[in-house]
Amino acid sequence: PPPALHTCQGLAPCLPEEGQVNTSGPRLLLATLHPASSSSTAMDRFFSALLLSLLLLLQSYGVCGAPPQPRGTLCRTKPTDLVFVIDSSRSVRPHEFEKVKVFMSRVIEGLDVGPNSTRVGVINYASAVKNEFSLKTYQTKAGLLQAVRRIEPLSTGTMTGLAIQFAISRAFSDSEGARVRSPNFNKVAIVVTDGRPQDGVQDVSARARAAGIEIFAIGVGRVDMHTLRQIASEPLDDHVDYVESYSVIEKLTHKFQEAFCVVSDLCATGDHDCEQICISSPGAYKCACKEGFTLNSDGKTCSACSAGSGSALDLVFLIDGSKSVRPENFELVKKFINQIVDSLEVSDKQAQVGLVQYSSSVRQEFPLGQFKNKKDIKAAVKKMAYMEKGTMTGQALKYLIDSSFSIINGARPGVPKVGIVFTDGRSQDYITDAAKKAKDLGFRMFAVGVGNAVEDELREIASEPVAEHYFYTADFRTISKIGKKLQMKICIEEDPCECKSVVKFQTKVEDLINSLQQ
């Protein structure tokens with residue numbers, strides 16, 4: 001017989017809760033792979049072995065194929081009446097509309113769907129409005145996902161105001177499955193559009209908000225930003241989002257999964273296993289240690305540090321200076337670099353910092369060891385001129401290997417080497433060989449992507465485990481999201497207390513990025 005599923009903790013969230021029916025994932029595998037007859041012992045063993053292999057494969061990819069959750073994750077979505085209001089006007093090409101459907105599916109996958117939890121409806125609009133399905137139509141996640149896949153674009157005009165009016169009068173009505181307004185339920189509309197509306201949106205959006213509907217406005221491409229601000233709820237910073245193209249709209253999925261998450265403060269309730277300090281984050285927590293202690297590899301206990309002066313570290317920033325970054329964002333990147341420098345202990349025997357900028361060519365701003373203190377490093381960073389051309393990331397990685405971490409350019413033998421690659425677009429050259437060689441040489445590589453950065457390229461650059469070494473945010477305004485995920489375990493010494501400067505670098509990054517946003 002197949003193994004007892006309750007022993008597979010990585011699959012537990014995929015299994016049905018009491019009183020529910022789960023028709024996807026492992027349950028479907030059981031129905032398909034378990035032999036109908038026990039007439040053949042050999043066949044039984046074959047199917048059982050195959051099933052076990054598949055279950056282990058699923059478990060190795062985390063929960064239902066998703067990345068492993070942070071320590072202490074506890075996130076349930078508050079009961080919500082959610083309506084997507086989707087622009088499918090002629091400016092939205094068919095392959096782009098498919099990206100919108102993927103985005104909707106990803107958001108739905110993160111919800112607790114059911115008649116007593118979250119209900120979902122979809123309004124499709126162009127010159128006219130089409131109610132694809134209402135809040136009462138589907139009561140399971142599987143049914144919703146299948147319905148989303150069947151949606152087709154209308155390919156005419158852009159009557160956004162008409163669509164919002166339809167949401168008020170029809171989609172959020174009792175007859176369509178909306179629940180009576182109550183503090184126990186949220187009413188949320190997510191409007192996705194890529195153009196200027198052909199009708200008014202300000203008054204009708206105000207009526208929707210007055211009716212208790214929280215509106216998120218997502219703009220794509222050449223959308224009119226003033227229109228998005230007229231549509232969205234306050235605060236606008238939380239309710240207005242912009243992406244440069246439909247190819248990156250899926251990156252907003254995580255934001256909406258967090259928005260619908262009911263946050264439990266596990267530190268306040270004592271539901272954690274941290275030895276010294278518990279730090280809450282949305283739906284999860286992480287452990288930290290008091291001054292003079294360092295976090296052990298188990299992520300929860302602490303060890304006392306000796307009075308050492310900190311370990312050596314050679315750190316090189318590899319910064320994208322292409323024209324797509326834009327001057328104002330390039331200044332933010334420079335500020336980001338300098339605030340990280342502030343967290344290091346810079347000296348001949350401790351941290352050294354180098355800086356390389358690249359676009360269509362590569363330019364070393366200053367090598368490792370040229371500046372012996374933070375003040376001089378920060379001054380040099382501020383003077384860095386914006387190159388403003390192409391994006392030759394592969395060439396830059398090769399330079400990092402051949403020059404930046406060479407002894408002639410200040411690198412120290414036997415000292416840990418860390419590279420931080422910051423980019424906002426697709427590389428115009430080949431990166432695979434250089435990215436692999438950097439990691440083969442023992443360099444610890446972090447990849448930070450913004451905007452149109454390609455996640456496959458970021459993963460290729462990042463060291464193992466990849467999930468801890470690459471980070472992405474949709475635009476520079478939300479760069480603080482990177483800080484929440486950044487857990488740089490770059491100390492390779494046997495005694496973690498020998499890595500004082502590295503530990504400081506690791507623990508201060510989140511605060512630095514948050515202050516950068518301010």
Next on the checklist: So does D238 get a backbone contact from the side chain of K255, meaning a donor-acceptor N/O pair under 3.5 Å?
Outcome noted: yes
Item to check | Test log, rule side-chain hydrogen bond (donor to acceptor under 3.5 Å, both in side chains), inputs D112 and S117 | outcome: CA-CA 6 Å; D112 296 323; S117 49; over 6 Å; no
Item to check | Verdict with supporting geometry, F317 and F422, ring-ring contact (aromatic ring centres under 6.0 Å, His included) | outcome: CA-CA 8 Å; F317 291 93; F422 197 107; 9.3 Å; no
Next on the checklist: Under a 3.5 Å cutoff, is there a donor and acceptor pairing between the side chains of Y386 and E331?
Outcome noted: no
Checklist entry - Do the side chains of F256 and F103 get nearer than 4.5 Å, heavy atoms only? => result yes
Checklist entry - Would you say the side-chain atoms of Q364 and S403 include a donor-acceptor pair closer than 3.5 Å? => result no
Checklist entry - Knowing that exactly one of I337, L368, L315, L318 qualifies, which makes a side chain to side chain contact (heavy atoms under 4.5 Å, CB included) with L355? => result I337
Checklist entry - So how far is it from I420 CD1 to I461 CD1, rounded to the nearest 0.5 Å? => result 13.0 Å
Item to check | Note: E98-K101 ion pair, threshold 4.0 Å (strictly below) | outcome: yes
Item to check | D194-S91 side chain donor-acceptor pair, cut-off 3.5 Å | outcome: yes
Item to check | Lys/Arg N to Asp/Glu carboxylate O, E457 vs R459, below 4.0 Å | outcome: no
Next on the checklist: Would C278 and C287 count as a disulfide (SG to SG under 2.5 Å) here? Give the steps.
Outcome noted: CA-CA 5 Å; C278 178; C287 300; over 6 Å; no
Next on the checklist: One pair to check against side-chain hydrogen bond (donor to acceptor under 3.5 Å, both in side chains): S361 and Q395. What are the steps and the verdict?
Outcome noted: CA-CA 8 Å; S361 58; Q395 185 179 341; over 6 Å; no
Checklist outcome for this item: Rounded to the nearest 0.5 angstrom, the CE-CG distance for M104 and L82 is 10.5 Å
Item to check | Straight-line distance of L397 CG to K436 NZ, nearest 0.5 Å | outcome: 14.0 Å
Checklist outcome for this item: Here the gap from T227 atom OG1 to Q230 atom CD, rounded to the nearest 0.5 Å, amounts to 5.5 Å
Next on the checklist: Run K251 and E455 through salt bridge (charged side-chain N to carboxylate O under 4.0 Å, His left out) and show every step you take.
Outcome noted: CA-CA 10 Å; K251 311 304 182 186; E455 287 201 71; 2.4 Å; yes
Item to check | Geometric class of the F443/F405 ring pair [parallel <30°, tilted 30-60°, perpendicular >60°] | outcome: tilted
Item to check | T393 and Y358 side chains, donor-acceptor separation under 3.5 Å | outcome: yes
Checklist entry - Are a donor atom and an acceptor atom from the side chains of D314 and Q352 found within less than 3.5 Å of each other? => result yes
Item to check | Atom pair CG/OG of N409 and S404 - distance to nearest 0.5 Å | outcome: 6.5 Å
Checklist entry - Checking side chain to side chain contact (heavy atoms under 4.5 Å, CB included) for the pair L145/E109: CA distance, chi angles, key distance, verdict? => result CA-CA 8 Å; L145 295 174; E109 285 169 356; 4.1 Å; yes
Next on the checklist: I'd like to know if the side chain of S347 pairs up with that of Q350 as donor and acceptor (distance under 3.5 Å, no hydrogens or angles considered).
Outcome noted: yes
Next on the checklist: To the nearest 0.5 Å, what is the distance between CD1 on I431 and NZ on K398?
Outcome noted: 15.5 Å
Next on the checklist: Checking side-chain polar atoms at under 3.5 Å, does R444 have a donor or acceptor matched by the opposite partner on H469?
Outcome noted: yes
Checklist entry - How about T423 and D320: does a side-chain donor come under 3.5 Å of a side-chain acceptor? => result yes
